[in-house]
Amino acid sequence: MRLWQHACTLQPDNGSVTQIMAMTHPPSVCDHLGIITVTGEDAESFLQGQLTSTITGLAPGDNRLAMHLSLKGRAMASFRVIRTATGFDLVTPRGNLEAALKGLAKYALFSKAELAEDTTRQVIGIGDETLARDSDAIRLSGPGEPRWLLLGEAPADSTDGSAWRQQEILAGEAQIYPGGEDLWLPQVLNYDLLEGVHFNKGCYLGQEVVARMHFKGSLKQRMRRWQWPGHSAPATGTVVRNSDGKALGEVVQAVTTDGQVDALVVVRLDHDGELFIDDVPLGATEQALPYTLPADGK
């Protein structure tokens, strides 16, 4: 019996596949992620008119990041959109799945698109090339360590999803978890650098605000990766401050491993000092992302 139903491949704009060394951790059952299915004859056009990235033209097995925004252009939900033979699978944080489903469904009332939570399959992250190959998986390439995201039945030797959450952070791939809704433009979370927002695709919810910032504005904040010692990960949306108590941004997501916090944090571009939470200095050091942030705030 084949255990896997999907694999997702990411490529740079030039179409070349990034050659990177493979990870070696076992499959992770990503209980923190769930699946929304979108089917029906209008599924593609419906998502094209709602999400930040171009959906039309995807072939079965293709995928890309995307967000569903508020009218203010702020991210309400994040997805990895996977084209299937019958429609689309949207992989999204489980804690925000119900709200994400409702947020999309209210715009589908006059569309021949059907949305539902899929409770029959699990989300599994794979970082072992041999296992991925043996399960007919397609390698997921991108600006970081190779990863495979598959939907189906987990093998017996799977671990929990904590390792996969850390891999998301290492990849600089932000998700919208509860507490992060309506806080950030997609560019602030670097989705413009990950093909998660396209500026020539036509209208979608919040598009005017996003396009205005891209073509005429300049960002004051960007998401960056930080590490600091600790055994407790701050919640999504926790405010980070400078030594004077001025707000710099917010925590996007964080995990702890072996007494160290690894986090994606939105921070002002002009800040280069210590980070504080609740007046406590974190002793944080900035870590490299697997892609380059623009130097001009664009």
Side-chain angles (χ1 to χ4, degrees), residues 23 25 28-34 65 67 74-80 91-97 99-100 123 125 127 142-145 147 149 159-186 188-191 193-194 196 221-243 246-269 271-291 293:
M23 296 185 297
H25 62 72
S28 298
V29 178
C30 302
D31 289 336
H32 65 290
L33 299 175
L65 294 174
M67 286 183 164
R74 308 290 180 85
M76 299 300 294
S78 59
F79 304 107
R80 186 173 291 278
V91 178
T92 192
R94 187 175 298 280
N96 201 38
L97 188 148
V123 180
E145 293 287 347
R147 297 175 297 151
L149 185 65
T159 64
D160 64 31
S162 57
W164 194 255
R165 294 190 67 167
Q166 186 173 37
Q167 291 303 319
E168 291 175 341
I169 291 173
L170 294 176
E173 185 179 298
Q175 305 285 347
I176 300 300
Y177 289 97
E181 305 94 333
D182 212 17
L183 290 181
W184 306 293
L185 293 172
V188 171
L189 299 183
N190 305 334
Y191 265 51
L193 309 178
L194 297 171
Q221 296 175 310
R222 278 272 189 182
M223 185 185 74
R224 290 143 68 178
R225 180 181 158 228
W226 299 82
Q227 285 181 344
W228 63 86
H231 297 277
S232 178
T236 295
T238 298
V239 176
V240 295
R241 303 181 184 275
N242 64 12
S243 58
K246 182 178 179 180
L248 299 172
E250 303 85 17
V251 174
V252 180
Q253 59 204 73
V255 296
T256 58
T257 305
D258 298 327
Q260 182 169 269
V261 178
D262 212 335
L264 297 175
V265 184
V266 168
V267 177
R268 288 184 60 89
L269 295 176
H271 176 72
D272 60 1
E274 179 63 279
L275 302 182
F276 290 72
I277 292 179
D278 295 332
D279 298 324
V280 177
L282 299 179
T285 56
E286 186 173 357
Q287 305 296 309
L289 290 167
Y291 49 83
L293 298 180

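These values consider heavy atoms only, across backbone and side chains, with no hydrogens, waters or symmetry-generated copies. In this text the structure is predicted, and so the values were computed from the model without any measurement.
Between the Asp160 side chain and the Ser162 main chain, a donor and an acceptor come within less than 3.5 Å of each other. Proximity of a side-chain donor or acceptor of Glu181 to a complementary backbone N or O of Gly179 within less than 3.5 Å is detected. Judged by distance alone, with hydrogens and angles left aside, the side-chain atoms of Ser78 form a donor-acceptor pair with the main-chain N or O of Ile176 at under 3.5 Å. A distance-only check finds no donor-acceptor pair linking the side chain of Asn96 to the backbone of Ala77 [under 3.5 Å]. Looking at Asp262, its side chain never comes within 3.5 Å of a backbone N or O of Gln167 through a donor-acceptor pair. Gln253 places a side-chain N or O within 3.5 Å of a backbone atom of Gln175 that can act as its donor or acceptor partner. With hydrogens and angles ignored, the 3.5 Å screen pairs a side-chain donor or acceptor of Tyr291 with a backbone N or O of Gly172. Side-chain N or O atoms of Arg165 include none that pairs as donor or acceptor with a backbone N or O of Cys30 at under 3.5 Å. Between the side chain of Arg94 and the backbone N or O of Asp31, at least one donor-acceptor pair lies under 3.5 Å.
Atom CG in Leu264 sits 9.5 Å away from atom OG1 in Thr236 (nearest 0.5 Å). A distance of 8.0 Å separates CZ of Phe276 from CG of Asn242, quoted to the nearest 0.5 Å. With rounding to the nearest 0.5 Å, the separation of OG1 in Thr257 from NE2 in His231 is 11.5 Å. Between atom CD of residue Glu173 and atom CZ of residue Arg80 there is a gap of 4.5 Å, rounded to the nearest 0.5 Å.
For the pair Val267 and Trp226, the minimum side-chain heavy-atom distance is below 4.5 Å.
Tested against Arg74 for a side chain to side chain contact (heavy atoms under 4.5 Å, CB included), the candidates Leu183, Val188, Leu185 yield a single pass: Leu185.
Looking only at atom types and distance, the side chain of Glu250 has a donor-acceptor partner in the side chain of Trp184 under 3.5 Å away.
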